[in-house]
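One structure is given here, and the rest of the page talks about it.
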Amino acid sequence: MAWIKTMKVRVRFAPSPTGFLHIGGARTALFNGLYARHTGGTFVLRIEDTDVARNTQEAVNVILNGLRWLGLDWDEGPVGSDATGPGKGSFGPYFQSQRKENYQRRVDALLSRGLAYEHEGAVRFKMSRDPVRFHDLVVGEVCRELTDREQVEPDFVIVRSDGQPVFHLVNVVDDLEMNITHVIRGEDHLSNTAKHIALFRAFGVEPPKYAHIPLILNLDGTKMSKRDSGASLGTYMDEGYAPEAVVNYLALLGWSPKGNREKLPLSEIIALFDLPQILRHNARFDIAKLNWLNGEYVREMDDERFYEQSVHALARAGLDTNKYPVEYVKAALDTCKGKVKLFSELPAYAGFYFREEIACDAEAVKREFTSENRPRLAKLREALADLEPFDHDRISGTLAAVAKGFGVKTGVLVHPTRLACCGNPAGPSLYHLLAVLGKDRVLKRIDGALAQMS
RNA sequence: GACCCUAUCGUCUAGCGGUUAGGACACCGCCCUUUCACGGCGGUAGCACGGGUUCGAUUCCCGUUAGGGUCGCCA
């Protein structure tokens with residue numbers, strides 16, 4: 001309706017560069033991004049680098065790279081990690097360290113109107129003594145009263161004695177001056193919201209709409225702190241998770257697409273996402289479900305990307321695939337596609353392709369390298385030696401024929417052969433694996449196994 | 001201590017007064033199969049507790065308990 005003037009949505013993600021991006025922060029960024037895309041609004045990235053001592057460009061890059069990895073592109077914000085560098089958007093600068101004058105101006109205004117006052121070198125804001133009521137888009141009606149301590153001293157510091165403005169002040173001033181319409185943030189800020197609303201009112205403007213999203217807890221229900229493994233987005237980036245899997249999983253924490261849907265592309269998440277349907281209770285981070293989703297995405301990944309990620313994971317484990325022909329590497333990895341959920345499983349799963357000497361699983365050796373199996377394996381070695389070409393079908397036929405000759409099931413030969421060539425009782429399809437490995441390596445490994453069986 | 005939020009299988013969730021309480025992950029069987037994985041079939045498992053309101057509460061209200069958060073010259 002043309003006569004209804006609806007304000008265009010402007011949301012922001014305002015992280016502090018601490019050197020890592022918390023998984024909960026990543027989800028907050030995601031929800032902001034989703035809401036912006038869903039409403040056709042603007043997603044702003046603002047760096048809250050007021051704590052100068054601890055903020056480095058490197059720490060800012062962690063945030064920037066994390067968001068880029070997730071595919072969360074911001075419409076306004078920094079273009080690089082240099083706080084004094086250029087930004088995109090007309091509400092910059094997007095680093096708080098570059099907005100000092102704004103804060104000073106706002107504080108002066110408060111001071112001159114008697115809404116703030118100096119006390120022991122610091123500036124304190126005259127906080128409302130009455131309960132603050134507001135409607136949260138996720139939580140609903142909230143009525144925040146003063147706590148016992150706050151009743152003793154309701155006012156709070158907005159500028160420290162060293163002249164540095166504090167979080168509550170800068171956060172509100174920036175949201176106000178950047179025309180933020182919806183503040184989507186972690187529930188840990190719900191109690192602070194009364195302060196923020198009081199500040200907005202003191203500046204004579206309506207506060208933005210608030211949406212406090214539930215927190216992400218560890219699987220055991222405890223708070224996910226920096227120390228907890230898996231609390232940092234960086235670990236998922238390093239471990240080779242597919243970003244779309246992480247995004248998909250994060251979106252499912254506190255929100256549901258309904259209809260028993262679990263795996264869905266970003267475009268659908270954007271279409272279905274909205275604030276009112278976000279759950280009110282905290283969610284626990286279940287790595288097993290993330291791994292399952294990741295496996296689903298890896299299975300569908302296009303080959304080139306799969307190769308690239310695989311080679312990277314192998315290299316991280318000290319396996320240099322460059323020493324092998326490209327076609328060999330690709331053929332080897334093809335036998336692993338759809339078999340692993342995580343790239344970090346690859347070194348253990350497919351390492352035998354890229355190591356000339358392999359060690360066999362001790363448990364399996366006892367079970368498979370028996371005196372009874374020795375003549376069978378020896379016979380198979382003979383038959384394989386004559387195979388030309390050494391391909392899947394012939395290998396398959398040979399296993400079957402040799403097994404038949406001994407009057408046993410093919411599986412009886414499959415197990416020791418697999419163990420001899422991979423070192424593991426589990427792995428890629430045996431016939432494909434042998435073909436890729438090539439006759440020379442296969443014979444050599446079977447000989448090695450035979451030597452252990454005497 | 002005060003204030004705020006929350007409570008459905010182990011976990012993520014669907015449910016919005018009447019359902020055999022549904023799905024997914026995980027787990028356990030069976031099938032498929034050259035191992036594993038995938039896939040298929042089946043199974044174990046849940047409305048925290050106590051009061052109300054109602055003909056009827058998982059669903060609405062109150063309380064209890066439990067969990068989380070906030071009360072900084074941290075962000």
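A note on names: the letters A, B, ... follow the listed sequences, proteins ahead of strands, and every chain is numbered from 1. Keep in mind that what you see is a predicted model, and the values were worked out from it rather than measured.
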Exercise for review: Tell me what Asp188(A) touches on the nucleic acid: a base, only sugar-phosphate, or nothing, going by heavy atoms under 4.0 Å.
Suggested key: sugar-phosphate
Check your understanding: NA contact type, Lys409(A), heavy-atom cut-off 4.0 Å: base, sugar-phosphate, or nothing?
Key -> nothing
Practice item. Identify the residue among Glu268(A), Glu300(A), Glu296(A) that makes a salt bridge (Lys or Arg N to Asp or Glu O under 4.0 Å) with Lys263(A). Key: Glu300(A)
Review point. When we call it a touch if two heavy atoms are under 4.0 Å apart, what does Gln151(A) touch: a base, just sugar-phosphate, or nothing?
Key: nothing
Practice item. Mind checking Arg280(A) for me? I need base, sugar-phosphate or nothing, with any heavy atom below 4.0 Å counting as a touch. Key: sugar-phosphate
Practice item. Taking the six-membered ring for Trp and the full ring for Phe, Tyr or His, determine whether the centres of Phe167(A) and His189(A) are under 6.0 Å apart. Key: yes
Exercise for review: Go through the steps to decide whether Phe343(A) and Phe306(A) satisfy the test ring pair (Phe, Tyr, Trp, His ring centres under 6.0 Å), and finish with yes or no.
Suggested key: CA-CA 9 Å; Phe343(A) 286 103; Phe306(A) 180 76; 5.6 Å; yes
Review point. Reckon Pro15(A) touches a base, only the sugar-phosphate, or nothing at all at heavy-atom distances under 4.0 Å?
Key: nothing
Review point. For RNA chain B, whose closest nucleotide is more 5', that of Tyr431(A) or that of Val138(A)?
Key: Val138(A)
Review point. Counting any heavy atom closer than 4.0 Å, what does Gly121(A) reach on the DNA or RNA strands: base, sugar-phosphate only, or nothing?
Key: nothing
Review point. How long is the line joining CG of Leu279(A) and C1' of C12(B), in whole Å?
Key: 10 Å
Check your understanding: For G23(B), does OP1 or OP2 lie under 4.0 Å from any side-chain N or O of Lys258(A)?
Key -> no
Exercise for review: Answer yes or no: side-chain N or O of Thr410(A) and base N or O of U34(B) forming a donor-acceptor pair under 3.5 Å.
Suggested key: no
Check your understanding: Is a donor-acceptor contact shorter than 3.5 angstrom present between the side chain of Ser161(A) and the base of C73(B)?
Key -> yes
Review point. Which part of the nucleic acid does Glu262(A) contact within heavy-atom distance under 4.0 Å: base, sugar-phosphate only, or nothing?
Key: base
Check your understanding: Using a cut-off of less than 4.0 Å, is there contact between a side-chain N or O of Arg160(A) and OP1 or OP2 of C74(B)?
Key -> yes
**Study point:** Identity of whatever pairs with A7(B) - Watson-Crick or G-U, under 3.5 angstrom
**Key:** U65(B)
Practice item. Using a cut-off of strictly less than 4.0 Å, decide whether Thr147(A) has a side-chain nitrogen or oxygen near OP1 or OP2 of G1(B). Key: no
Review point. With ring centroids as reference points, do Tyr117(A) and Phe125(A) lie under 6.0 angstrom apart?
Key: no
Check your understanding: Looking across every strand, which nucleic acid part, if any, lies under 4.0 Å from Leu253(A) by heavy atom: base, sugar-phosphate, or nothing?
Key -> sugar-phosphate
**Study point:** Under-4.0 Å salt bridge between Glu150(A) and Arg129(A)
**Key:** no
Practice item. Sticking with atom C1', work out how far U33(B) lies from C38(B), rounded to a whole angstrom. Key: 11 Å
Check your understanding: Arg144(A) near the nucleic acid: base, sugar-phosphate alone, or nothing, with a heavy-atom cut-off under 4.0 Å?
Key -> sugar-phosphate
Practice item. Let me know the distance between CG of Leu399(A) and C1' of U33(B), rounded to the nearest Å. Key: 15 Å
Check your understanding: At under 4.0 Å between heavy atoms, what does Cys422(A) touch on the DNA or RNA strands: base, sugar-phosphate, or nothing?
Key -> nothing
Check your understanding: Checking Arg105(A) against Tyr103(A): charged group under 6.0 Å from the ring centre and within 45 degrees of the axis?
Key -> no
Revision key, fill the gap. Whichever of Ala14(A) and His415(A) has the more 5' nearest nucleotide on RNA chain B, that residue is His415(A)
Practice item. Report yes or no: is the cationic atom of Lys195(A) (NZ for Lys, CZ for Arg) under 6.0 Å from the centre of the six-membered ring of Phe156(A), at an angle within 45° of the ring normal? Key: yes
Review item, nucleotides 64-67 of chain B N/O atoms under 3.5 Å of protein N/O:
none

Check your understanding: Does a nitrogen or oxygen in the side chain of His281(A) sit under 4.0 Å from OP1 or OP2 of U13(B)?
Key -> yes
Exercise for review: Establish, yes or no, whether a centroid distance under 6.0 Å links the rings of Trp255(A) and Phe273(A).
Suggested key: yes
Review point. Atom NE2 of His189(A) and atom C1' of U70(B): how far apart are they, to the nearest Å?
Key: 10 Å
Review point. Does any donor-acceptor pair link the side chain of Lys289(A) with the base of U13(B) at a separation under 3.5 Å?
Key: no
